[in-house]
Each structure stands twice: as C-alpha cells, then as structure tokens.
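As structure tokens, the structure follows; a few thoughts come after it.
Below, all heavy atoms of this structure are taken into account, side chains as well, without hydrogens, waters or symmetry copies. All residue numbers refer to positions in the sequence shown, counting from 1. Computed from a prediction, not measured in an experiment: that's the story for all the values here.
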Amino acid sequence: MTGLDDAMEPVEPDSTPLPADEEKGPLRRCVATGAVQPKDGMIRFAVSPDGELVPDLEETLPGRGLWLSADRPALAKAMAKSLFSKAARRAVRVPDDLGERLERLLERQCLDALGLARRAGQALAGYEKVRESLRNNQVGRTGVPPALLVEAADGSLDQRGKVTALAPDLPVIDLFDSAVLAAALGRDHAVHAVVARGRLAKRLARDAGRLKGLKGLATGDDAGRSGM
C-alpha cells in the first residue's frame with residue numbers, strides 16, 4: 001500500500017450532493033474518489049446513532065448513505081484521510097479491520113446466494129452436469145439459460161478449462177475453494193457449478209464483483225458482463 005495516497009492524490013472527493021433524481025437512481029458518488037458511478041459496483045455505509053460506521057450491503061439502513069467504490073485503494077484512502085467523517089460532516093468511528101469485515105460479509109452473501117439458488121433449482125454442480133447444462137444452454141430442466149459459472153479456486157486447471165471453453169462469454173466466479181463451495185451447495189465435494197439467470201444470479205454476480213474489488217482482483221472486464 002506504499003505510495004497509495006500519492007498515486008490517488010490528483011482526485012479529491014467532491015462533497016457536492018447529487019441531484020435528487022440521481023440520488024434516487026442508479027448512480028452514487030464515491031467518498032474517496034469523488035467519481036459518480038453505478039451503485040452496483042459500490043458499497044453503502046451508514047452511521048449508527050453512536051457514531052460508528054456500519055456496512056449496509058443490502059442498502060436498507062436509515063439515514064444518509066455514504067458510498068464507496070468496491071476497490072481496495074479507495075477503501076485505504078477513505079480510511080487514511082478520514083473521508084467518511086468528512087462526507088458525513090460529523091465524527092465517525094471507523095473500525096481498523098473494516099476491510100477484513102467487508103470481505104467476510106461479502107463472502108457470506110455470495111455463498112448464501114449460491115445456496116439459495118441451489119435450493120430453488122436455479123443452480124447445479126458437478127463436472128458432467130455443468131458441461132451438459134452449458135451444451136444445452138439451460139440449467140437442469142428449468143429451461144432457463146446459464147448466467148454464470150462458479151469454479152473452485154483450487155480445482156484442476158485442465159478441468160476448469162474444459163468447462164469454461166463451452167461458454168467462453170459467461171462470467172466466472174473463482175473466489176472460493178472446493179470445500180467452501182461444497183458446504184454452500186450441500187455436497188461432499190464441489191468444483192464446478194452453474195447458476196441460471198435471475199435475481200439470485202444477479203445478486204451473486206454483484207457481490208462477487210464487490211468482493212473481487214476489495215481483494216484487489218477486479219479488472220475492467222468484470223463489470224456488467226453477465227447479461228442477467
């Protein structure tokens with residue numbers, strides 16, 4: 001993280017409020033960079049009555065939201081320069097381990113969404129089942145096309161390549177190892193999974209993108225690829 005502030009110094013946060021219509025729409029201003037961008041790639045925070053910064057991943061907590069790009073350098077800058085307090089115009093206590101807390105929360109949300117999709121019949125796992133789903137362009141017998149692939153980070157690169165080659169344009173989530181995926185999917189073992197288009201796929205893709213950003217893994221190609 002050395003030199004982080006210097007690298008980002010030319011862009012100072014803009015505290016000018018967004019117009020009312022934009023505040024209610026899909027755009028928000030990042031407290032660290034001042035950039036206005038789609039909120040799906042951002043994280044909302046609220047300030048509790050006792051002045052503590054609280055992550056609001058579901059965007060439901062009352063009060064004025066503080067929005068931050070889901071990006072490791074942006075988080076580091078916001079914490080180092082007390083930008084949450086400046087944006088809130090009051091003293092705000094920010095936990096020292098905020099980055100780790102956010103990663104844990106987003107990991108849990110991703111895995112919960114995957115488990116819900118499996119129980120709803122919108123996700124399936126297994127090498128042959130996933131390959132068949134991609135060949136048929138539908139998840140199981142639902143008739144719903146696949147939205148994204150989930151591949152274990154510790155899975156065989158050869159097998160992963162054979163799966164992803166069948167649908168090269170599908171987004172791939174590879175943030176979790178096989179044991180974690182198996183637990184989320186209610187299986188003894190899981191390396192490959194596919195999720196059908198729909199609300200849960202959108203939720204999983206959104207939170208996985210945020211998690212990648214906070215881990216410093218996201219690229220410019222990650223956003224908005226799923227068509228879900």
For residues [X] and [Y], determine if any side-chain heavy atom of one lies less than 4.5 Å from a side-chain heavy atom of the other.
| X | Y | result |
| --- | --- | --- |
| R89 | R64 | yes |
| W67 | I43 | no |
| L116 | R203 | yes |
| E103 | R108 | no |
| L105 | R210 | no |
| V163 | L149 | yes |
| L53 | S85 | no |
| P146 | V195 | no |

Closest approach of [X] to [Y] (non-hydrogen atoms, all atoms of both residues):
| X | Y | result |
| --- | --- | --- |
| A196 | A201 | O-CB, 3.1 Å |
| L27 | P38 | CD2-N, 3.7 Å |
| P62 | A46 | O-CB, 4.2 Å |
| R206 | D40 | CG-O, 3.5 Å |
| V31 | F84 | CG2-CE2, 4.0 Å |
| L68 | A32 | CD1-CB, 3.7 Å |

Over 12 foreign heavy atoms within 6.0 Å of [atom1], [X]:
| X | atom1 | value |
| --- | --- | --- |
| D97 | CG | yes |
| K39 | NZ | yes |
| R90 | CZ | yes |

Can you get from [X] to [Y] by hopping between Ile, Leu, Val, Met, Phe, Trp and Tyr side chains that sit under 4.5 Å apart?
| X | Y | answer |
| --- | --- | --- |
| L148 | L106 | yes |
| V144 | L200 | no |
| L102 | V47 | yes |

Q122 versus T142, side-chain donor and acceptor atoms under 3.5 Å:
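No donor-acceptor contact under 3.5 Å links the two side chains.
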Against H192, only a single residue in E151, E128, R160 fulfils side-chain hydrogen bond (donor to acceptor under 3.5 Å, both in side chains); can you say which?
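In the set E151, E128, R160, the residue that makes a side-chain hydrogen bond (donor to acceptor under 3.5 Å, both in side chains) with H192 is E151.
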So, the side chain of [X] versus the backbone of [Y]: is there a donor-acceptor pair under 3.5 Å, distance only?
| X | Y | answer |
| --- | --- | --- |
| R187 | A182 | no |
| D177 | A179 | yes |
| D174 | V150 | no |
| D56 | L61 | yes |
| S69 | C30 | no |

Using a strict cut-off of less than 4.0 Å between a Lys/Arg side-chain nitrogen and an Asp/Glu carboxylate oxygen, indicate whether E58 and R44 qualify as a salt bridge.
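Here E58 does not pair with R44 in a salt bridge, since their nearest N and O are not under 4.0 Å apart.
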Pair E107 + K215: basic N to acidic O under 4.0 Å:
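Salt bridge between E107 and K215, a charged N being under 4.0 Å from a carboxylate O: yes.
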In sequence, state the C-alpha distance, the side-chain angles, and the governing distance for R72 and L214, and then conclude on side-chain contact (heavy atoms from CB on, under 4.5 Å).
CA-CA 5 Å; R72 181 185 289 268; L214 287 173; 5.8 Å; no
Between [atom1] on residue [X] and [atom2] on residue [Y], distance to nearest 0.5 Å:
| X | Y | atom1 | atom2 | value |
| --- | --- | --- | --- | --- |
| F45 | L57 | CZ | CG | 8.0 Å |
| K77 | L75 | NZ | CG | 13.0 Å |
| S178 | L185 | OG | CG | 11.5 Å |
| R118 | L124 | CZ | CG | 11.5 Å |
| N137 | L166 | CG | CG | 11.5 Å |
| T164 | D169 | OG1 | CG | 11.5 Å |

Does the side-chain hydrogen bond (donor to acceptor under 3.5 Å, both in side chains) test come out yes or no for S156 and D158, once each step is laid out?
CA-CA 5 Å; S156 161; D158 179 61; 4.9 Å; no
I'd like to know whether L114 forms a side-chain contact (heavy atoms from CB on, under 4.5 Å) with L204, so could you lay out the CA-CA distance, the side-chain angles of the two residues, the decisive distance to 0.1 Å, and finally the verdict.
CA-CA 7 Å; L114 186 58; L204 176 55; 4.2 Å; yes
Trace of the side-chain contact (heavy atoms from CB on, under 4.5 Å) decision for R28 with Q37
CA-CA 6 Å; R28 297 294 185 272; Q37 61 195 64; over 6 Å; no
Test side-chain contact (heavy atoms from CB on, under 4.5 Å) on V92 and E52; report intermediate values, then the result.
CA-CA 6 Å; V92 176; E52 183 171 357; over 6 Å; no
